[in-house]
Amino acid sequence: MFRLWAKVFKDNRMQCDMVVENEDPTLNRTRKIYYAIDEICYNFDLSKPIWLQATIDDFKRHDKTRFTQDNFMETIDFDYLEIQVIEED
């Protein structure tokens, strides 16, 4: 099972969070991450973030990254969206 935890922070306080699970063995890790981000953006009513090189590097190193205003085309009303892989087969 693949599980990704998403949290929205504003003023160093978590505003909301959710966990996205994916049990589809036919999808590779990258597709599972993109699927989870699609679900997160739909549920939080956000535009999809842009993966900048710093975001990619951070995610590769720690299985965790933050999307700030620089990663979104629209203005966001929070400080950052953090995603983290919490379980992976």
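For this chain, numbers begin at 1 and follow the sequence in order.
The side-chain contact (heavy atoms from CB on, under 4.5 Å) search around I37 returns I33, C41, P49, W51, F67, I83, not counting sequence neighbours.
A 6.0 Å sphere centred on NZ of K48 holds no more than 12 heavy atoms belonging to other residues, nucleotides or ligands. Residue-environment remark: CZ (R31) stays at or below the threshold of 12 foreign heavy atoms within 6.0 Å.
Two different hydrophobic clusters hold I86 and V8 under the rule that ILVMFWY side chains link at heavy-atom gaps under 4.5 Å. Both I56 and Y34 belong to a common hydrophobic cluster when Ile, Leu, Val, Met, Phe, Trp and Tyr are linked at side-chain heavy-atom distances under 4.5 angstrom.
The CD atom of E87 lies 11.5 Å from the CG atom of L4; values are rounded to the nearest 0.5 Å. In this structure, OH on Y80 lies 8.0 Å from NZ on K7, to the nearest 0.5 angstrom. D77 CG to L46 CG: the interatomic distance, rounded to the nearest 0.5 Å, is 8.5 Å. Atom CZ of F78 and atom CD of Q69 lie 8.0 Å apart (nearest 0.5 Å). Note that CZ of R3 is 7.0 Å distant from CE of M1, once rounded to the nearest 0.5 Å. In this structure, CD in Q53 is found 11.5 Å from CG in D58, a value given to the nearest 0.5 Å.
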Query - Residue pair Y35, D24: steps toward the side-chain contact (heavy atoms from CB on, under 4.5 Å) verdict - result: CA-CA 11 Å; Y35 167 80; D24 188 351; over 6 Å; no

**Report entry** D79 vs T68, side-chain hydrogen bond (donor to acceptor under 3.5 Å, both in side chains): CA-CA, chis, key distance, verdict
**Finding:** CA-CA 6 Å; D79 295 333; T68 60; over 6 Å; no

Query - Steps toward side-chain hydrogen bond (donor to acceptor under 3.5 Å, both in side chains) verdict (T30, N28) - result: CA-CA 6 Å; T30 303; N28 64 17; 4.6 Å; no

**Report entry** Criterion salt bridge (Lys or Arg N to Asp or Glu O under 4.0 Å) on D89 and R29, from CA distance to verdict
**Finding:** CA-CA 10 Å; D89 291 350; R29 183 176 195 256; over 6 Å; no

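Contact check for V20 versus F2: no side-chain heavy atoms found under the 4.5 Å cut-off.
Nearest heavy atom pair, residue I40 against residue A6, reads CD1-CB, 3.4 Å. What you find for M18 and W5 is that their closest heavy atoms are O-CD1, 3.3 Å. Scanning both residues, M73 and S47, for their nearest heavy atoms gives N-OG, 4.5 Å. Heavy-atom minimum distance, K32 versus L27: CE-O, 3.3 Å.
Judged by distance alone, with hydrogens and angles left aside, the side-chain atoms of N71 form a donor-acceptor pair with the main-chain N or O of I50 at under 3.5 Å.
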